[in-house]
Amino acid sequence: MTDTTLPPDEILDPSDAVPEEVSFEGHSFPARPTRLRPRARLRDILWQRKAKQPGTASGDNPEYVAWLESESMLADARQFARKFAGQGSMWQNPYAAPDPRAAIEKAPVWFTAYPISMITPAGATFLGTLGSTQLWDAFQQIGITAIHTGPVKRAGGVTGWDTTPSVDGHFDRISTQFDDAFGTEDEFRAMCEVATDHGGLVIDDIVPGHTGKGADFRLAEMKIGDYPGIYHMVEIPREDWHLLPKVPKGRDSANLDAETEKSLTDAGYIVGEMQRVIFFEPGVKETNWSATDAVLGPDGEEHRWVYLHYFKEGQPSLNWLDPTFAGMRLVIGDALHSLGDLGSGALRLDANGFLGVEKSATGGPAWSEGHPLSEAANQLIASMVRKVGGFTFQELNLTIDDIHSTSERGADLSYDFVNRPAYHHALAMEDAEFLRLTMRTAREMGVDTVSLVHALQNHDEMTYELVHFATLHAGDTFMFRRKPIRGADLATLIRAELTEKIAGETGTYNALFTTNGIASTLASVISASLGMADLSALTNDDVEAIKRAHLLLAMYNAWQPGVFALSGWDLVGALPVERKQVAALIRDGDTRWIHRGAYDLLDFQPNASESTSKMPKARALYGPLNVQLEDPNSFVSRLREILAVRDRHGLATAQQVDIPAVSNKAMLVLVHRLAEADQVTVLNFSAQTISGSVRSDELQPGSKVIDMVTGAPVGEVDDLHSLYVVLQPHEGRSLLVTPPVEH
């Protein structure tokens with residue numbers, strides 16, 4: 001690891017990290033967090049990490065145990081937390097209530113990076129590239145105000161003295177140190193400075209739900225100190241080892257089948273079956289529990305454990321209600337490191353909806369989603385982040401009820417998992433009815449659209465679990481296509497239609513991802529929806545049609561209150577890579593790797609066929625940013641116009657007041673209240689020209705209507721509170737509605 005020790009005269013006392021001056025607006029809205037401005041690094045010394053030593057990698061070797069402890073995240077967390085304890089700076093920011101508008105004012109448009117997929121200049125690292133002035137100049141021209149780096153710290157596991165690769169795209173964190181493949185701490189700090197110079201900020205990651213099988217987990221297996229308290233793991237006495245599965249040679253654990261899960265539940269060891277098995281795969285992951293092999297501890301005894309993992313076997317779940325509170329201390333220390341030491345301004349909370357689990361009192365599956373402990377833990381994390389001047393967003397693919405409850409005291413912003421599959425469905429079916437249904441349902445249940453992160457593509461699949469309809473509201477009745485339908489049946493219908501249109505005969509280049517969704521880029525969702533079966537035969541007209549639909553989806557996400565997020569795959573128009581190019585990665589059923597192809601944002605290496613991390617380069621329909629910015633008709637130049645409208649009129653922090661009925665099923669209309677006028681977003685999700693009336697009681701008769709892109713007059717709101725619009729295929733319009741002047 002790079003030596004980052006500071007000379008004594010550069011050491012920062014945390015009390016010197018002062019909050020920004022509070023404006024009048026800040027006094028008026030005291031829940032708005034301010035941001036710390038670290039004058040130097042909070043860490044005065046780099047605590048001594050132990051060097052690897054010769055000898056056995058087992059619990060009876062004190063040198064091995066000491067090395068593991070020096071590498072552990074819990075040990076690092078102790079050091080970070082002590083730097084903040086007893087400091088006046090910890091009491092300068094309000095922290096109790098989430099404030100999405102304050103977060104959005106700092107960072108309304110996000111670029112979500114994916115480290116292993118970015119092609120960098122020769123010899124440059126991922127973090128060095130993200131911190132380049134050239135890239136931030138391009139982002140500033142487009143209107144991008146924040147970078148979410150994605151996971152850049154060490155991930156995977158530790159086996160003996162050696163580290164093992166990540167099993168989930170670096171979301172199985174094992175260290176607070178940066179992965180050498182992505183860059184250094186110094187480069188991360190420099191990136192934060194360049195972002196600040198361009199009026200932006202950097203968003204980092206913490207994972208409150210699990211770690212990888214790193215030093216902390218290996219110490220837990222040895223039953224050392226507080227380490228077992230980090231995880232939801234239960235030691236099984238030797239006399240009951242016969243209940244555990246045999247661990248195959250070359251493996252360190254074995255997944256429990258349903259029968260073994262029940263046996264251990266009946267024996268009183270675990271809470272048993274969960275509400276669902278995420279990433280279910282026969283023979284690979286049949287339950288959320290796995291058993292370790294026998295591990296020798298310093299006490300001279302061998303120990304075997306059963307541990308919970310909501311996700312993959314290499315991602316043991318944290319225990320947020322262990323008496324040691326070791327898991328909580330690990331996560332909070334990690335957050336303080338990122339915000340106070342590294343200089344990030346916000347954190348993504350990954351897998352934060354699964355922080356509580358409780359045995360069922362009725363004999364059914366354990367209570368594992370929507371648990372009050374998750375809400376309490378999220379409030380603790382989010383409050384701590386606000387205390388030191390940052391904000392948080394959560395990726396919570398649960399019910400609307402859960403999103404609403406966590407937003408009251410937890411993260412400032414939530415990823416929009418409810419409407420994301422719905423707008424894909426609107427495009428695929430040329431019918432926005434389901435999208436109108438999801439948006440209205442969320443609004444009726446108290447989820448303000450301004451609190452959501454509206455995103456195009458990210459590193460994950462096109463998720464279509466529709467948890468809200470498939471679980472808690474499975475028995476509720478909804479009106480859809482003029483007929484009543486149960487929530488569970490509605491979810492099944494929408495999934496079937498998405499699967500047929502996006503991953504059926506026309507979209508064979510896309511792939512199903514277990515029961516979660518469809519592995520695809522957004523460009524390939526569009527191409528399949530438009531009936532383009534052969535990506536190698538796309539014509540210029542085909543690419544223009546894809547671009548037009550892509551811009552429509554950008555308008556949907558950008559022309560409503562909330563954060564707008566997009567990825568490198570969106571910016572260059574990436575297509576999926578062929579399965580054979582990532583055969584080793586998708587062997588276990590994780591088809592998401594086909595949509596994570598490498599992209600080159602600024603033509604850093606035109607002849608490169610892969611990223612530094614060996615991800616094959618994806619075909620890019622739109623090209624690099626520097627070329628697109630010179631072409632007024634390019635995707636990026638058109639996107640810049642969309643974002644300029646959004647910024648000019650403060651649409652990101654507006655209030656959504658209506659989602660009115662429409663006269664054409666392919667049309668979506670959103671009405672928003674601005675400071676002194678109204679704004680109307682009108683979108684056509686079909687490939688045909690459509691026309692119809694836009695009617696809303698929120699629109700005042702006599703109001704003048706202006707196209708916000710061109711500035712041209714469009715007409716006037718009539719006495720029926722309506723206006724007439726004509727939309728070309730996949731066209732969207734943002735209309736400014738100015739009320740008449742009263743005389």
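Worth saying up front: this structure is predicted, and the values here are computed from it rather than measured.
Side-chain contact, His468 with Asp402: no donor N or O sits under 3.5 Å from an acceptor N or O. Defined by atom type and a distance below 3.5 Å, a donor-acceptor pair is missing between the side-chain atoms of Asn458 and Thr112. With no hydrogens or angles considered, a side-chain donor-acceptor pair links His454 and Thr449 at under 3.5 Å. Judged purely by distance below 3.5 Å, without hydrogens or angles, the side chains of Ser634 and Tyr622 never pair a donor atom with an acceptor atom. Neither side chain, His595 nor Asn510, offers a donor N or O lying under 3.5 Å from an acceptor on the other.
Under a cutoff of 6.0 Å and an axis angle of 45°, Lys387 and Tyr95 form a cation-pi pair.
Side-chain atoms of Leu670 and Trp559, non-hydrogen and from C-beta on, never get closer than 4.5 Å to each other. Residues Met555 and Ser734 form no side-chain contact, since every pair of their non-hydrogen atoms from C-beta on lies 4.5 Å or further apart. Within the 4.5 Å cutoff, side-chain heavy atoms of Leu466 are placed close to those of Pro421. Ile147 has its side chain within reach of Phe139: a pair of non-hydrogen atoms, C-beta onward, lies under 4.5 Å apart. Looking at His198 and Asp137, their side chains come closer than 4.5 Å, going by heavy atoms from C-beta outward.
Within the 3.5 Å criterion, the main-chain N or O of Gln457 finds a donor-acceptor partner in the side chain of Asp570. A donor-acceptor pair is defined here as one N or O able to donate and one able to accept, closer than 3.5 Å; such a pair exists between the side chain of Gln628 and the backbone of Leu571. Checked by atom type and distance alone, the side chain of Glu731 never pairs as donor or acceptor with a backbone atom of Asn684 at under 3.5 Å. A donor-acceptor pair under 3.5 Å links the side-chain atoms of Trp136 to the main chain of Leu130, judged by distance alone. Of the possible polar contacts, one joining the Arg420 side chain to the Leu456 backbone as a donor-acceptor pair under 3.5 Å is found. The backbone N or O of Thr392 lies less than 3.5 Å from a partner atom in the side chain of Asp412, making a donor-acceptor pair. Checking side-chain atoms of Lys547 against main-chain N and O of Asn633 turns up a donor-acceptor pair under 3.5 Å.
Aromatic pair Phe469/Phe480: centroids not less than 6.0 angstrom apart. A ring-centre distance under 6.0 Å is not found for His424 and Tyr464. Here Phe635 and His550 bring their ring centres to under 6.0 angstrom of each other.
Ring geometry, Tyr556 versus Tyr423: the interplanar angle falls from 30° to 60°, so the pair is classed tilted.
Under the 4.0 Å criterion applied to side-chain N and carboxylate O atoms, Arg409 and Glu375 are not assigned as salt-bridge partners. A salt bridge does not link Asp99 to Arg386: none of the charged side-chain nitrogens sits closer than 4.0 Å to a carboxylate oxygen. Taking 4.0 Å as the cut-off between side-chain N and carboxylate O, Arg436 and Glu433 do not count as a salt-bridged pair.
Considering only residues two or more places apart in sequence or on other chains, Ala455 meets the side chain to side chain contact (heavy atoms under 4.5 Å, CB included) condition with Tyr415, Ala565.
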